[in-house]
Every structure is written in C-alpha cells, then in structure tokens.
**Q** 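One structure, pasted below without further comment.
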Amino acid sequence: MREKIVVKAMNLTKKYKQVVALNQVDITVKKGDIYGLVGNNGAGKTTFLKMLTGQIQPTDGQLNLLDAQSETEMNHVRRKIGAIIETPSFYPNLSIEKNLEYYRIQRGIPGKKAVTKALEEVGLLEVKKRKYSALSLGMKQRLGLALALMGEPEVLILDEPINGLDPSGIIEIRNLLLKLNREKYITILISSHILMELENVASHYGFLDKGKIKEEISAEKLKEKCTNYLELKVTDAEKYAALLELKLNCKDYKVLSGNCIQIMNVKDREENLSDYSALAIKNDIGLLSMDMRKIDLENYYMNLISGIREER
Ligand SMILES: Nc1ncnc2c1ncn2[C@@H]1O[C@H](COP(=O)(O)OP(=O)(O)OP(=O)(O)O)[C@@H](O)[C@H]1O
C-alpha cells in the first residue's frame, strides 16, 4: 500500500524583498511521520510552517497539503491542522480552562467537552482551575498544545515547542507528542534549531540551511550514519593511509590535518583494533594516540551544513 503524503513542497520559494527565506525547497511528509525540521536561526523554518498554515504565500513553487493543491482547497483542509507557530496569547488572570473556553467559542468549536478532552490529552485536566500566570513554562507549552488539539487535527505544526524548556520539560513534551502520534496517528511537523532536542521523537528529519534543504533522511538511516569511528594520530598520516588501503583493504577513512586519520565503521573489538595499531608499528610509523569515537547527531548536522566535521 502506498503511504499517504500529507505535505508535499516542490521547488517552494519565498522571498521577502531582497531576502530569499526559502530557496526551491522540496519537502515530503507522510501520514504518521514525526518530521523534524532542523535549521539554525534564520534558516527558513518558520517561513515554511507559516506557508502550511496559510499565514504567508509562496513566491514560487508548489505546495500540496492533505491532497489539496489550489489555495481554495487548501483553506478547506487547513481545518484539519492544529498549529503553534507564535506563542499563543493567553489571559494571565484567567484559569487554564477559561482560557481554552475563550478560544473554543472564538473558533466556533462545538461542545464544551472539546476543552475537557484537549486538557485531558495534554495532562492538564487536574489543574484546569489554575491561573495561566501560575504555570511553569512546560505547562504553558502543554496548554498551547491543548489549544492546537481542540479542533481534532490530523496534522500538528509546532514551531520550536521545546525552546527554553528544561530537560524534564523537554521529556514531557516529547512523550506527549509520541503518545499523540501513536494513539491518534497525528502527523507532526516540529521545528528546532537544536537537533539533539528532536532525538528520540522525530521519525524523519529535514535539514534546512540558509533557505535550502540539505538533506531529508529517516531517523533510522540517520542512526546508521552516526557510526563508530577510530581516530588515530600518527607520525605520517599519508603513509598510514596508503597502507590502510593496501594491507587492510580499507577505503572508508578520512585524513585530517595534524596527521590525524579517522577510520569509519570500526567495530569496538580488541582484535579488530590491534590490526590498526600493528599496521603503524610494523611499518615504522609512530602511533601517538588511538581513540574510538562516535559521530553524534549534532556532529553529523554540523558536518552537513558546513562540510567540516566538528571535533569534540
Ligand atoms: N516578514 C519578513 N520580512 C523580511 N524578512 C523576513 C521576514 N520574515 C522572515 N524573514 C527573513 O527570512 C529568513 C528566514 O526566517 P525564518 O523566521 O523563516 O527562519 P527560522 O529558521 O524560523 O529562524 P528562527 O529560528 O530564528 O525563528 C531570515 O533571514 C529572516 O530574517
């Protein structure tokens, strides 16, 4: 069975006068994905998300949303989208419940139960009488989510919902999103400038840099790419690299400055590691250091956007 595509952007471009915020971007989000849109400040994340919600229009390119293509069709299907793009403004002196009730009426969502249901989903029902001003940042974010969930959306669009949260707040939001995705099969698009924050939640990633998509990759594939590597400092890296190919038939390596060599996909086993040290010793190359390392997500991302691997 073909997977249903929820968002398809093709050659999507947005210019604000001289600024090209999005430059011929292709993005595909399938039903049930938790799609992490990752990029530095100014990469174009909010611009993309605002185009999905119809707050701004593309300068060029095509955007399809839940099978809708024309702007009229899209405005219709946007009812199935819940979004938090800018922090929603809540009344500080009103309770959680009253704040949501205000928005329910304003948005014409039928039935008071919608408020109770949304609060239950985000785990705020028990504190529904608490004033907005007395909430922690994590609770405020959950209230924002409750607001986005009130219309029973098929798709959730969240712009940096984890920004500013402490580690326990991040875990709270992460678990909540996983639950909504698993139990209600809600497709989620979530942006962040910190890749690590999306680890363990995103099923797919889109890496955005200066308005361009650098890569779209599944979390599974990304995990495979974040492999172990062996880093050696030797007295003659060129000679060692030649021997590596000749004697160990190894081609997956990089020579860096400072006579440093990184050999990718090395298994962390002693008998394996001794081959690499013996290669230097037997061929009169001084072995100054040898460490097993791992490419972590942040490392991978930095490499992708700058073309240079950042060393830890
Ligand atoms: N209304 C606007 N007018 C002019 N330029 C804009 C406008 N909105 C965004 N930009 C510019 O477009 C580029 C992309 O901005 P955008 O807000 O989409 O990035 P972002 O990845 O969401 O960044 P951040 O993480 O800082 O929110 C930036 O250079 C920004 O200054």
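For this chain, numbers begin at 1 and follow the sequence in order. We use all heavy atoms of the structure for the numbers below, so side chains are in, but hydrogens, waters and symmetry mates are not. When a ligand or atom number is given, it counts from 1 through the structure's own listing order.
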**Q** Do the side-chain N and O atoms of E197 and S192 include a donor-acceptor pair separated by under 3.5 angstrom?
**A**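 There is such a pair (donor and acceptor under 3.5 Å, judged by atom type) between the side chains of E197 and S192.
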**Q** Does the protein put any heavy atom within less than 4.0 Å of atom 30 (C) of ligand 1?
**A**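 Within 4.0 Å of atom 30 (C) of ligand 1, no protein heavy atoms are found.
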**Q** State, without any angle test, whether N64 and Q62 hold a side-chain donor-acceptor pair at a distance under 3.5 Å.
**A**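 There is such a pair between these side chains.
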**Q** Got an N/O contact under 3.5 Å between K45 and ligand 1?
**A**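 There is such a contact, yes.
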**Q** Can you tell me if N40 has a non-hydrogen atom under 4.0 Å from ligand 1?
**A**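 A heavy atom of N40 does come that close to ligand 1.
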**Q** Just to be sure I'm reading this right: ignoring hydrogens, which of G211, S191, A21, G44 gets closest to atom 21 (O) of ligand 1? Compare them by their nearest heavy atoms.
**A**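 Heavy atom nearest to atom 21 (O) of ligand 1 belongs to G44.
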**Q** So that I know where these two stand, are Y301 and Y205 an aromatic pair - ring centroids less than 6.0 Å apart?
**A**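 That pair fails the under 6.0 Å test.
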**Q** Measure the distance from atom 14 (C) of ligand 1 to every protein heavy atom, then report the residue, atom name and distance (to 0.1 Å) of the closest one.
**A**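 For atom 14 (C) of ligand 1, the nearest protein heavy atom comes out as G42 O, 3.4 Å.
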**Q** Compute the shortest N/O to N/O distance between A43 and ligand 1 and return yes if it is under 3.5 Å, no if not.
**A**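 N/O-N/O distance below 3.5 Å exists for this pair.
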**Q** Would you check if there is a donor-acceptor pair between the side chains of E154 and Y185 at a distance under 3.5 Å?
**A**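 No pair is found: no donor N or O on one side chain lies under 3.5 Å from an acceptor on the other.
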**Q** Could you tell me whether atom 10 (N) of ligand 1 has a protein heavy atom closer than 4.0 Å?
**A**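 Yes.
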**Q** Closest non-hydrogen protein atom to atom 6 (C) of ligand 1, residue and atom name please, with distance?
**A**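 Here the nearest protein heavy atom works out to Y16 CD1, 3.3 Å.
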**Q** Is a donor from one side chain sitting under 3.5 angstrom from an acceptor on the other, for K140 and Y132?
**A**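 Result is no, nothing qualifies.
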**Q** K17 near ligand 1, heavy-atom distance under 4.0 Å?
**A**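 So K17 does not count as touching ligand 1.
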**Q** Out of curiosity, is G39 lining ligand 1, as in a heavy atom under 4.0 Å away?
**A**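 Distance cut 4.0 Å: G39 fails for ligand 1.
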**Q** Judged on heavy-atom distance to atom 16 (P) of ligand 1, which of N163, T47, I85 sits nearest?
**A**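 Minimum heavy-atom distance to atom 16 (P) of ligand 1 goes to T47.
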